[in-house]
Amino acid sequence: MQNKYLGLTPPLGWNSWNTFSWEINEELIKTAADAFITEGLKDAGYEYVVIDDCWSEKQRDANGKLVPDHEKFPNGIKAVADYVHSKGLKFGIYSCAGTHTCGGHPGSFEHEFDDAETFAEWGVDYLKYDYCYKPDHIPGEVLYKRMSTALRNCGRDIVFSACNWGNDNVYKWIRESGAHLFRSTGDIQDNWESIKKLALSQIGNECYGGNYCHNDIDMLVVGMYGGSVNQWIASADAEGDVAVVADAANAATGARLGGCTDEEYRTHFSLWALMDSPLMIGCDIRNMTPATKETLTNKDVIAINQDIECRAAYCIKQWNNPENVFSLVKPMSDGSYAIGMFNFGDRDGEMSLQFWDIGLTTASGRGLDIYDCWKHEALGTFTERFCTTLPPHGCMVLRAKVVKVK
Ligand code: GAL
């Protein structure tokens, strides 16, 4: 029987794609699993170690079975899964709804039930399922339903991570397909423009996520600083400016071309946490800077993402600067609010959140006890409103408890 809590809250983990892409192997995955322990990631709640595309040979074997790449994974995938499990972690892998993966390896089209069984034999706990080389005349909806049925009947609990980039009106059918999370966006790049674009694209789609079927805005680029074997992810936007600007900001830390500032990474992490996206780390977790580690292991922010009710935050725009400055307000199961205040603009931005807008009237005799989740300090009790000035691309994340004030 399936574990009825599988996928209850957004999965937390690491995925090989953003930094390593096709350059993956047994040693990398094992040392990444080690880093979950030594770098405090497991302790912060991260659980899934996921291998993305390019792990298999280009051909199936004579029986139609997927074959792990002999050079990259000489001992097979099960050996890697066993190692990950020995660390008390869970293991994930990747396939595709089409005939081939985006990297040109065999996809699971017409092999769904056999592949699901293979994954179960290997000890897979999480399957990311892509959308490249999808036969034109078969709806994606049917293909995700097919793999979901296969996984639910393979004899093992496997989290099903759909990845069709928000195509084909995925919002309308993905929950009923049985997927536990679904990518709603194209691929992230390691630059501020990309972060901003992905986040904005999902504001207004709050109603589609929720328990057991989470809106996945893509994996995190926190801590990459432009370092990826995949130039598409590492690069700037089409004009090339973004990377150069970010590079100047990172020059002091010796970071490579591209990437974001630590402040932008904090904002990125806060957005993903408040928007209930899975938090799948994409940097090289074996070599994190102190700032990266601090961002990724912020337990106050992770707790917001992992709230058991998974109610997505709603957006309140700053009335006199609605293009750039807004709050995301998420009702928490303990009665408090999680509040993120964001400035997407390029100069300082004032945000003033009127409590009236979140259901707390002054006449109620209640105010908010506010705690700053990045500074880790109590800011005091506020009535009527909370105002702050946010730096460019910066944010504030608050946990606010309703208290009597008279
Ligand atoms: C893309 C997907 C990426 C990564 C890549 C692998 O379609 O969105 O996250 O999995 O394929 O080729």
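Numbers here are sequence positions counted from 1. Counting starts at 1 for both ligands and their atoms, following the listed order.
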Atoms of ligand 1, numbered as shown, that sit under 4.0 Å from any heavy atom of [X]:
X    : answer
C102 : 1 (C), 7 (O), 11 (O), 12 (O)
R183 : 8 (O), 9 (O)
W17  : 4 (C), 5 (C), 6 (C), 12 (O)
M219 : 9 (O)

Requested in this report: Assert yes or no for the condition that the ring centre distance of Y225 to Y265 is strictly below 6.0 Å.
Outcome: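 Yes, ring centres under 6.0 Å apart.
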
Query raised in the report: Got a donor-acceptor contact below 3.5 angstrom from the E141 side chain to the I174 backbone?
Result: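 Judged by distance alone, no pair lies under 3.5 Å.
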
Query raised in the report: Can you tell which part of S21 has a heavy atom less than 4.0 Å from ligand 1: side chain, backbone, both or neither?
Result: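 The answer is neither; S21 stays 4.0 Å or more away.
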
Can you tell me the protein heavy atom closest to [atom] and the distance?
atom                    : answer
atom 12 (O) of ligand 1 : D53 OD2, 2.8 Å
atom 9 (O) of ligand 1  : K128 NZ, 2.7 Å
atom 10 (O) of ligand 1 : D52 OD1, 2.6 Å
atom 3 (C) of ligand 1  : D187 OD2, 3.5 Å

Query raised in the report: Quick one: do R146 and E110 make a salt bridge, cutoff under 4.0 Å?
Result: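 Looking at E110 together with R146, the answer is yes, because their closest N to O distance falls below 4.0 Å.
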
Query raised in the report: Charged N to carboxylate O below 4.0 Å: is that the case for D34 and K30?
Result: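 No.
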
Requested in this report: Using the test side-chain hydrogen bond (donor to acceptor under 3.5 Å, both in side chains), find all partners of S16 that sit at least two apart in sequence or belong to another chain.
Outcome: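 Result, side-chain hydrogen bond (donor to acceptor under 3.5 Å, both in side chains) vs S16: none returned.
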
Query raised in the report: N/O of D218 under 3.5 Å from N/O of ligand 1, yes or no?
Result: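 For ligand 1, there is no N or O atom that lies under 3.5 Å from one belonging to D218.
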
Do we see a donor-acceptor contact under 3.5 Å between the side chains of [X] and [Y]?
X    : Y    : result
S108 : S95  : yes
Q354 : S352 : yes
H105 : D53  : no

Query raised in the report: Is Y94 in contact with ligand 1, taking contact as a heavy-atom separation below 4.0 Å?
Result: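 Contact check Y94 vs ligand 1: positive.
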
Query raised in the report: Looking at ligand 1, does D130 have a heavy atom less than 4.0 Å from it?
Result: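 Yes, that is the case, since the closest heavy atom of the residue is under 4.0 Å from the ligand.
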
